[in-house]
Structure formats: C-alpha cells, structure tokens
Amino acid sequence: MDTTKPVRCLLSYSLLDSALCLAFADLVRCIMSKSGAMDLASGLGGKIDKSDVLTAVEKYENYHGFHGGDEEERKANYTDMVNKYYDLATSFYEYGWGESFHFAHRWNGESLRESIKRHEHFLALQLGIKPGQKVLDVGCGIGGPLREIARFSNSSVTGLNNNEYQITRGKELNRLAGIDKTCDFVKADFMKMPFPENSFDAIYAIEATCHAPDAYGCYKEIYRVLKPGQCFAAFEWCMTDAFDPENAQHQKIKLEIEVGDGLPDIRRTTKCLEALNQAGFEVIWEKDLAKDSPVPWYLPLDKNHFSLSSFRLTAVGRFITKNLVKVLEYVRLAPQGSQRVSGFLEKAAEGLVDGGKREIFTPMYFFLARKPE
Ligand SMILES: C[S@@+](CC[C@H](N)C(=O)[O-])C[C@H]1O[C@@H](n2cnc3c(N)ncnc32)[C@H](O)[C@@H]1O
C-alpha cells in the first residue's frame, strides 16, 4: 500500500486550493484595482468614441485576410488600420503585459518581468548609450521600455508614436515615474518623422517597425535622423527561413498573427537585412535571439503552461478575462464590440504560439546597425 498517497493528495489539493485562491484574488484585484477590469473596460476603444467601438472593430477586421481584406489595402491605409488596432487593444495589453508591450529572451529561473527588463537593458548596452545622450524610441507604446532605458542609462529618451491614446497614457506614467523633465513623447508617423537630420545619438525600435508598410521607407527615416557614426538597434517581428508560403498551415498562422496584431504583412528576416543595407546602414551583427532563448518566448501564452506571476496571460487567465469582458459589455460598463477585440487577441495568441513552436515566426530578430561617419 502506498502510505504517502494521502499526503500527496493533501499536498496536491492544497496546491490546487492555493492556485484557485490566487486566481480568485487576482479576479477580485482585477475588478477593484487600478490597471484592473474597470480600467480595462474604461480604456477599451482608446480615443474612439465608446458608441463607435463596434463599428471600428468591424472596420479593423475587414482590413484582414480572414475577412476578405488584402495586403495592398492594409498597406495603403496603414495609419488607420494600426491606430484602430491600438485604440482597441491597448487596455488589454496593459492589463496583461504591464507597461512594456513586447516578448523577451528568457533564462531558466528568470521571471517574465525580469526577462522583459533585461531584454531592454540588452538593447541599451548594445547601443552603448551614455548618460545625457539623446535617444529615440521608435513606436514606443505607452513608454515602458523608454522609462526603463532612460533610468538604466541616465539618458533622455523621446518616444515616437502615432497613437494619441498611448501618448496620453505614456505622459501620465512618465510624470508618475518622475522622468517627464528629461523624456518626452512626439505624436508622428515613423515613415515621416518631424525631426531634423542627424538629431539622435542612438535609436532603437522594439517590436514596432513591423507595422511599417515598407521596411526600407522606415529605416531610411531612422537613418536620416540618426547622427553619423551612431547606431540603430531593433527587435523585429519576422517570418523566419522555415516559413513556407506554399504551406496552407503556415499561411493561416501568418494571417492569425497579422489580424491579431495590426500588421499589414510580416516580412522575412532577409527582407529587413536588405532594407537596412539599402537605407545605407552597416550591419554590425544580427541574429534571431529566439534561437538561443532557454525558455521559449511564447511560453507565457501557451495553453499548456500555467504561471501565477503572469496569470493574466495564461489560457486560464485569458478565459477569465474573456468572460469578464462579456459581463462588462453586457452590463454596458465596456463598450459594444469589446468581446470581438478579446476574440481577435485570442486568435493572435494562438497564431503566435503556433508560429513560435514551428519556428516559422520570431518577435526578436535582433540587429545592430551603424550609420557610417
Ligand atoms: C507592439 S507596440 C510596441 C510598443 C513598445 N515598443 C513596447 O515595447 O512597449 C508597437 C508600437 O508601434 C507604434 N506604431 C505603429 N505604427 C506606427 C507608425 N507608423 N508611427 C509611429 N508609431 C507607430 C504603435 O502605436 C505601438 O505603440
């Protein structure tokens, strides 16, 4: 007879109990707290009038392949498509990810939050940012990486973003962090930057320039505003060499990521490299960092993974959020259309995990490139 069985049962029950208690506590916290469900509901739709959210969702979805849209139309209307996406998705991002909206290379034993910060420090170290330097963050979100890099390197970072709602939120967070005197935000399109030539000592982009309708056009602008002899570094979202455009399953995954993440078309890593050279950069080194990540970058979203520290990103956490949004929409605390947003974000999570597992997609194709003297 196995005498340890009752003890093991008790242990597993108490673990299950603790997990359920924590999930319940998170549920209560997410309803009551700042950055909780009420903020998710009130932020949903961003700058879009609450009564227009459903129409905006429909317009957004119609840009994509799953709903009959095509790539040329998405590229021609990238500003509208991307801004609608971020107006609709930002409060979900902040609710799930916190202030930094990106994946990260991760070591065993490292928490998701630690890995996200280290991923940002890595960029600052690669660029060799020095105290007092003027740095540009291209496509800065609500400024999580901007605040971290500014404090890490004691530099002045300008966040460039075309989404009004994210800038309003970012300014509020900069003020709270006490860095609003040295760091600022500029609302503009990274394809047409409102800065003179040779303005910045360093430039970086984290999972943002994938929204550009054309990589060369975007890198050329970055090249123009960077000082000669200085560097640009980025983490790009790309299809890898393993992606086969003739494979229907690969194409489905690509479409899921595009619709779920506001992308006109996901480029191959080789296209980014070509565009950098064409824009005039010398590429110092480049690598898909996903290949060396001991903990896969997509793990937080994987259905088979459970974590209390990143609970809201897990399949259970997302299931709770989905139902919470359903209730909030039903009682009219969240605008009509909110459930549809949580639906396409769920599709994105599935596409990202599948793309990551098959190694046909990476969110961390890294390069360090220099503008010649
Ligand atoms: C996935 S988010 C990443 C945000 C930020 N880098 C971070 O890691 O937290 C992509 C960002 O790019 C911005 N973006 C997309 N297209 C843009 C454009 N044409 N001009 C300026 N910003 C843009 C979006 O508004 C969003 O803030």
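Everything quoted here is computed from the prediction, not taken from an experiment. Read the numbers this way: they start at 1 and go in the same order the structure lists the ligands and their atoms.
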Next on the checklist: Quick check on contacts: which atoms of ligand 1 are under 4.0 angstrom from a heavy atom of P145?
Outcome noted: 7 (C), 8 (O), 9 (O)

Next on the checklist: Nearest non-hydrogen contact with atom 24 (C) of ligand 1 belongs to which option: F103, Y86, Y78, Y204?
Outcome noted: Y86

Item to check | atom 8 (O) of ligand 1 - nearest protein heavy atom and its distance | outcome: H102 CD2, 3.2 Å

Checklist outcome for this item: When distances are taken from atom 19 (N) of ligand 1, the protein heavy atom at minimum range is D189 OD1, 2.9 Å

Checklist entry - Y78 and H211: aromatic ring centres closer than 6.0 Å? => result no

Next on the checklist: Any carboxylate oxygen within less than 4.0 angstrom of a Lys/Arg side-chain nitrogen, looking at E114 and R118?
Outcome noted: no

Checklist entry - With only distance considered, is G141 within less than 3.5 Å of ligand 1 through an N or O on each side? => result yes

Next on the checklist: Within the 4.0 Å heavy-atom shell around S100, which atoms of ligand 1 are there?
Outcome noted: 9 (O)

Checklist entry - Counting heavy atoms not belonging to K59, are there more than 12 under 6.0 Å from its NZ? => result no

Next on the checklist: If I apply the N/O under 3.5 Å rule, does I206 come out as touching ligand 1?
Outcome noted: yes

Item to check | For N163, the ligand 1 atoms whose distance to one of its heavy atoms is below 4.0 Å | outcome: 25 (O)

Checklist entry - At the 4.0 Å heavy-atom cut-off, does M191 count as touching ligand 1? => result no

Checklist entry - Relative to atom 5 (C) of ligand 1, which among A234, G139, A89, A208 owns the nearest non-hydrogen atom? => result G139

Checklist entry - Does T314 reach the main-chain N or O of S307 with its side chain, forming a donor-acceptor pair under 3.5 Å? => result no

Checklist entry - Hey, is G144 one of the residues with a heavy atom under 4.0 angstrom from ligand 1? => result no

Checklist entry - Do you see a donor-acceptor pair shorter than 3.5 Å between the side chains of Y63 and E73? => result no

Checklist entry - Of all the non-hydrogen atoms in the protein, which one sits nearest to atom 22 (N) of ligand 1, and at what distance? => result N162 N, 3.3 Å

Checklist entry - Strictly under 6.0 Å, is that where the ring centroids of F281 and F367 end up? => result no

Checklist entry - Using a heavy-atom cut-off of under 4.0 Å, does the side chain or the backbone of Q166 touch ligand 1, or both, or neither? => result side chain

Checklist entry - Are the aromatic rings of W297 and F235 close, with centres under 6.0 Å apart? => result no

Next on the checklist: Can a side-chain donor-acceptor contact be found between W285 and Q126 if the only test is distance below 3.5 angstrom?
Outcome noted: yes

Next on the checklist: At under 4.0 Å between heavy atoms, is it the side chain or the backbone of H211 that contacts ligand 1, or both, or neither?
Outcome noted: side chain

Next on the checklist: So for ligand 1, is N161 a polar contact partner (N or O within less than 3.5 Å, distance only)?
Outcome noted: yes

Item to check | Y93-ligand 1 polar pair, N/O distance under 3.5 Å | outcome: no

Item to check | Under-4.0 Å heavy-atom contact with ligand 1, by part of C140 that carries it | outcome: backbone

Item to check | Minimum non-hydrogen distance to atom 7 (C) of ligand 1, winning option of F101, F190, Y85 | outcome: F101

Next on the checklist: Pairing donors with acceptors under 3.5 angstrom, does anything connect the side chains of T240 and E359?
Outcome noted: no

Checklist entry - Atoms of ligand 1 less than 4.0 Å from A188 heavy atoms? => result 20 (N), 21 (C)

Checklist entry - Does G262 have a heavy atom less than 4.0 Å from any atom of ligand 1? => result no

Item to check | Any donor-acceptor N or O pair under 3.5 Å, side chains D354, Y298 | outcome: no

Checklist entry - Do the ring planes of H121 and F152 sit parallel (below 30°), tilted (30 to 60°) or perpendicular (above 60°)? => result parallel

Next on the checklist: Taking 4.0 angstrom as the limit and counting only heavy atoms of V82, give me the atoms of ligand 1 inside it, by number and element.
Outcome noted: 15 (C), 16 (N)

Checklist outcome for this item: Tested for side-chain contact (heavy atoms from CB on, under 4.5 Å) against F232, the lone hit among L136, V225, L276 is L276

Checklist entry - Residues two or more places apart in sequence or in another chain: which of them pass side-chain hydrogen bond (donor to acceptor under 3.5 Å, both in side chains) with K357? => result D302

